[in-house]
Amino acid sequence: MTGPQPTIGVSRLPHGAEALLPAFATAGAAGADIRAALAEPLTLMPGSRAMVPTGLAFAIPVGFEVQVRPRSGLAATHGVTVLNAPGTIDSDYRGEVKVILVNLGDVPFKIENGDRIAQLVVASVVTARFEARETLDETDRGTGGFGSTGRG
Ligand SMILES: O=c1ccn([C@H]2C[C@H](O)[C@@H](COP(=O)(O)OP(=O)(O)OP(=O)(O)O)O2)c(=O)[nH]1
Ligand SMILES: [Mg+2]
(Lines give C-alpha, C1' and ligand atoms only; values in the text may rest on other atoms or scores of the structure.)
(Ligands and ions follow the chains in the order given, each with its own letter.)
Protein backbone atom coordinates (compact mmCIF):
# COMPACT_ATOMS: atom_id res chain seq x y z
CA MET A 1 0.00 0.00 0.00
CA THR A 2 1.63 3.22 -1.15
CA GLY A 3 -1.17 5.69 -1.87
CA PRO A 4 -3.73 7.17 0.47
CA GLN A 5 -5.90 4.67 2.30
CA PRO A 6 -9.18 6.40 3.07
CA THR A 7 -11.75 4.73 5.26
CA ILE A 8 -15.22 4.41 3.78
CA GLY A 9 -17.99 4.06 6.33
CA VAL A 10 -20.48 1.37 5.34
CA SER A 11 -24.01 1.17 6.70
CA ARG A 12 -26.03 -2.01 6.30
CA LEU A 13 -29.61 -1.18 5.38
CA PRO A 14 -32.45 -3.30 6.78
CA HIS A 15 -32.63 -5.53 3.70
CA GLY A 16 -28.84 -5.80 3.74
CA ALA A 17 -28.56 -6.77 7.39
CA GLU A 18 -26.67 -9.92 6.40
CA ALA A 19 -24.73 -8.32 3.55
CA LEU A 20 -20.99 -8.76 3.34
CA LEU A 21 -18.95 -5.59 3.02
CA PRO A 22 -17.12 -4.97 -0.28
CA ALA A 23 -13.90 -6.94 -0.24
CA PHE A 24 -10.69 -7.11 -2.25
CA ALA A 25 -10.26 -10.70 -3.46
CA THR A 26 -6.45 -10.43 -3.43
CA ALA A 27 -3.91 -8.10 -1.86
CA GLY A 28 -3.19 -6.38 -5.17
CA ALA A 29 -6.77 -6.07 -6.40
CA ALA A 30 -7.82 -2.61 -7.53
CA GLY A 31 -11.51 -3.40 -7.24
CA ALA A 32 -13.44 -4.59 -4.21
CA ASP A 33 -16.21 -6.99 -5.15
CA ILE A 34 -19.72 -5.96 -4.17
CA ARG A 35 -22.64 -8.35 -3.84
CA ALA A 36 -26.33 -8.42 -4.59
CA ALA A 37 -28.70 -8.10 -1.61
CA LEU A 38 -31.84 -9.89 -2.75
CA ALA A 39 -34.79 -11.36 -0.86
CA GLU A 40 -35.30 -13.67 -3.81
CA PRO A 41 -33.31 -14.37 -6.98
CA LEU A 42 -33.62 -11.97 -9.87
CA THR A 43 -33.53 -13.09 -13.49
CA LEU A 44 -32.17 -10.66 -16.02
CA MET A 45 -33.67 -11.43 -19.41
CA PRO A 46 -31.59 -10.86 -22.55
CA GLY A 47 -31.59 -7.17 -23.44
CA SER A 48 -33.00 -6.12 -20.10
CA ARG A 49 -31.51 -4.19 -17.20
CA ALA A 50 -32.07 -3.99 -13.46
CA MET A 51 -31.03 -1.77 -10.58
CA VAL A 52 -29.60 -4.44 -8.32
CA PRO A 53 -29.65 -3.55 -4.61
CA THR A 54 -26.53 -4.07 -2.51
CA GLY A 55 -28.11 -3.36 0.89
CA LEU A 56 -25.27 -0.93 1.63
CA ALA A 57 -24.86 2.83 1.97
CA PHE A 58 -21.48 4.57 2.08
CA ALA A 59 -19.89 7.60 3.66
CA ILE A 60 -17.02 8.34 1.28
CA PRO A 61 -14.49 10.91 2.50
CA VAL A 62 -14.50 14.24 0.66
CA GLY A 63 -11.92 14.16 -2.12
CA PHE A 64 -12.74 10.60 -3.17
CA GLU A 65 -15.32 8.85 -5.30
CA VAL A 66 -16.25 5.23 -5.78
CA GLN A 67 -16.51 3.87 -9.30
CA VAL A 68 -18.84 0.96 -10.01
CA ARG A 69 -17.20 -1.18 -12.65
CA PRO A 70 -18.16 -4.42 -14.41
CA ARG A 71 -16.59 -7.74 -13.54
CA SER A 72 -14.79 -9.09 -16.60
CA GLY A 73 -15.84 -12.64 -15.83
CA LEU A 74 -19.54 -11.80 -15.98
CA ALA A 75 -19.02 -9.83 -19.18
CA ALA A 76 -16.93 -12.47 -20.94
CA THR A 77 -18.96 -15.47 -19.84
CA HIS A 78 -22.51 -14.13 -19.77
CA GLY A 79 -22.51 -10.75 -21.55
CA VAL A 80 -23.59 -9.12 -18.28
CA THR A 81 -22.10 -5.70 -17.60
CA VAL A 82 -22.66 -2.43 -15.76
CA LEU A 83 -24.80 -0.26 -18.03
CA ASN A 84 -23.48 3.10 -16.79
CA ALA A 85 -19.90 1.95 -16.33
CA PRO A 86 -18.13 3.37 -14.57
CA GLY A 87 -20.97 4.28 -12.25
CA THR A 88 -20.17 7.17 -9.96
CA ILE A 89 -20.85 7.15 -6.22
CA ASP A 90 -20.50 10.72 -4.99
CA SER A 91 -18.89 11.36 -1.63
CA ASP A 92 -22.06 13.09 -0.39
CA TYR A 93 -24.43 10.26 -1.40
CA ARG A 94 -25.92 8.45 1.57
CA GLY A 95 -28.54 6.35 -0.20
CA GLU A 96 -28.24 2.71 -1.14
CA VAL A 97 -25.53 1.82 -3.62
CA LYS A 98 -27.20 0.10 -6.54
CA VAL A 99 -25.66 -1.60 -9.53
CA ILE A 100 -27.28 -1.11 -12.92
CA LEU A 101 -26.70 -4.42 -14.66
CA VAL A 102 -27.64 -5.15 -18.26
CA ASN A 103 -27.75 -8.54 -19.93
CA LEU A 104 -26.23 -8.22 -23.40
CA GLY A 105 -26.06 -11.99 -23.74
CA ASP A 106 -28.68 -14.15 -25.39
CA VAL A 107 -29.83 -16.24 -22.45
CA PRO A 108 -31.45 -15.25 -19.14
CA PHE A 109 -29.00 -14.54 -16.31
CA LYS A 110 -29.98 -15.42 -12.77
CA ILE A 111 -28.65 -13.33 -9.86
CA GLU A 112 -28.81 -14.83 -6.38
CA ASN A 113 -28.48 -13.11 -3.03
CA GLY A 114 -24.79 -12.65 -2.25
CA ASP A 115 -23.56 -12.99 -5.84
CA ARG A 116 -20.64 -10.72 -6.67
CA ILE A 117 -22.13 -8.43 -9.32
CA ALA A 118 -19.60 -5.62 -9.77
CA GLN A 119 -16.41 -4.18 -8.37
CA LEU A 120 -15.77 -0.88 -6.68
CA VAL A 121 -12.70 1.21 -7.40
CA VAL A 122 -11.98 4.11 -5.06
CA ALA A 123 -10.41 7.10 -6.78
CA SER A 124 -9.27 10.59 -5.92
CA VAL A 125 -11.37 13.42 -7.26
CA VAL A 126 -10.10 16.73 -8.57
CA THR A 127 -12.72 19.44 -8.24
CA ALA A 128 -11.85 21.90 -11.00
CA ARG A 129 -13.32 25.33 -11.49
CA PHE A 130 -15.08 26.02 -14.78
CA GLU A 131 -14.33 29.55 -15.91
CA ALA A 132 -15.98 31.25 -18.91
CA ARG A 133 -13.48 32.82 -21.36
CA GLU A 134 -13.82 34.84 -24.58
CA THR A 135 -10.89 33.03 -26.25
CA LEU A 136 -8.91 29.86 -25.59
CA ASP A 137 -5.15 29.39 -25.94
CA GLU A 138 -3.93 27.88 -29.25
CA THR A 139 -2.63 24.32 -29.54
CA ASP A 140 -1.22 22.05 -32.29
CA ARG A 141 -4.43 20.04 -32.28
CA GLY A 142 -6.71 23.01 -32.31
CA THR A 143 -10.24 21.96 -33.14
CA GLY A 144 -9.27 18.59 -34.70
CA GLY A 145 -10.84 15.61 -33.03
CA PHE A 146 -12.71 12.40 -33.67
CA GLY A 147 -9.85 10.55 -35.36
CA SER A 148 -8.19 13.61 -36.86
CA THR A 149 -4.64 12.63 -35.90
CA GLY A 150 -2.31 10.36 -37.90
CA ARG A 151 -3.82 11.16 -41.29
CA GLY A 152 -1.26 11.65 -44.08
O1 LIG B 1 -24.09 2.98 -10.49
C2 LIG B 1 -24.50 3.83 -9.70
C3 LIG B 1 -24.43 5.20 -9.99
C4 LIG B 1 -24.93 6.10 -9.06
N5 LIG B 1 -25.45 5.66 -7.89
C6 LIG B 1 -25.92 6.63 -6.89
C7 LIG B 1 -24.74 7.26 -6.16
C8 LIG B 1 -24.56 8.57 -6.84
O9 LIG B 1 -23.97 9.50 -5.98
C10 LIG B 1 -25.98 8.91 -7.22
C11 LIG B 1 -26.08 9.79 -8.41
O12 LIG B 1 -25.43 9.20 -9.49
P13 LIG B 1 -25.15 10.03 -10.81
O14 LIG B 1 -24.60 11.38 -10.49
O15 LIG B 1 -24.37 9.16 -11.73
O16 LIG B 1 -26.61 10.12 -11.42
P17 LIG B 1 -27.44 11.38 -11.92
O18 LIG B 1 -28.35 10.86 -12.95
O19 LIG B 1 -26.51 12.51 -12.27
O20 LIG B 1 -28.31 11.72 -10.64
P21 LIG B 1 -28.18 12.94 -9.61
O22 LIG B 1 -28.93 14.05 -10.23
O23 LIG B 1 -28.80 12.41 -8.35
O24 LIG B 1 -26.72 13.25 -9.43
O25 LIG B 1 -26.61 7.67 -7.52
C26 LIG B 1 -25.50 4.31 -7.59
O27 LIG B 1 -25.96 3.89 -6.53
N28 LIG B 1 -25.02 3.44 -8.51
MG1 LIG C 1 -25.13 13.39 -10.84
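Both counts, for ligands and for their atoms, begin at 1 and track the order of listing. Below, all heavy atoms of this structure are taken into account, side chains as well, without hydrogens, waters or symmetry copies.
- Of all protein heavy atoms, the one closest to atom 5 (N) of ligand 1 is Ile89 CD1, 3.6 Å.
- The shortest heavy-atom distance from Glu96 to ligand 1 is under 4.0 Å.
- Residue Tyr93 places no N or O, backbone or side chain, under 3.5 Å from any N or O of ligand 1.
- Each of the following atoms of ligand 1 lies closer than 4.0 Å to a heavy atom of Thr88: 3 (C), 4 (C), 5 (N), 7 (C), 8 (C), 9 (O), 12 (O).
- When heavy-atom distances to ligand 1 are checked against a 4.0 Å cut-off, Val99 has no atom that comes that close, whether in backbone or side chain.
- Side-chain N or O atoms of Arg94 include one that pairs as donor or acceptor with a backbone N or O of Ser91 at under 3.5 Å.
- Paired with Met51 under the rule side chain to side chain contact (heavy atoms under 4.5 Å, CB included), one option of Val99, Leu83, Ile100 passes, and it is Ile100.
- A 4.5 Å side-chain heavy-atom check between Leu56 and Arg12 finds at least one atom pair inside the cut-off.
- Residues Leu38 and Glu112 fail the side-chain proximity criterion, which asks for heavy atoms closer than 4.5 Å.
- For atom 14 (O) of ligand 1, the protein comes within 4.0 Å by at least one heavy atom.
- Shortest contact from atom 9 (O) of ligand 1 to any protein heavy atom: Asp90 OD2, 2.6 Å.
- In this structure, Glu18 CD and Arg35 CZ are separated by 13.5 Å, a value rounded to the nearest 0.5 Å.
- Within a 4.0 Å radius of atom 18 (O) of ligand 1, the protein contributes no non-hydrogen atoms.
- A distance of 11.5 Å separates CZ of Arg49 from CG of Leu104, quoted to the nearest 0.5 Å.
- Leu74 contributes atom CG, which lies 8.5 Å from atom OG1 of Thr81 (distance to the nearest 0.5 angstrom).
- For atom 28 (N) of ligand 1, a protein heavy-atom neighbour is found at a distance under 4.0 Å.
- The closest protein non-hydrogen atom to atom 1 (O) of ligand 1 is Asn84 ND2, 3.0 Å.
- Within the 4.0 angstrom cut-off, atom 22 (O) of ligand 1 has no protein heavy-atom neighbours.
- Distances below 4.0 Å separate heavy atoms of Val97 from the following atoms of ligand 1: 27 (O).
- Panel note: side chain Arg69, backbone Val121; no donor-acceptor pair is recorded below 3.5 Å.
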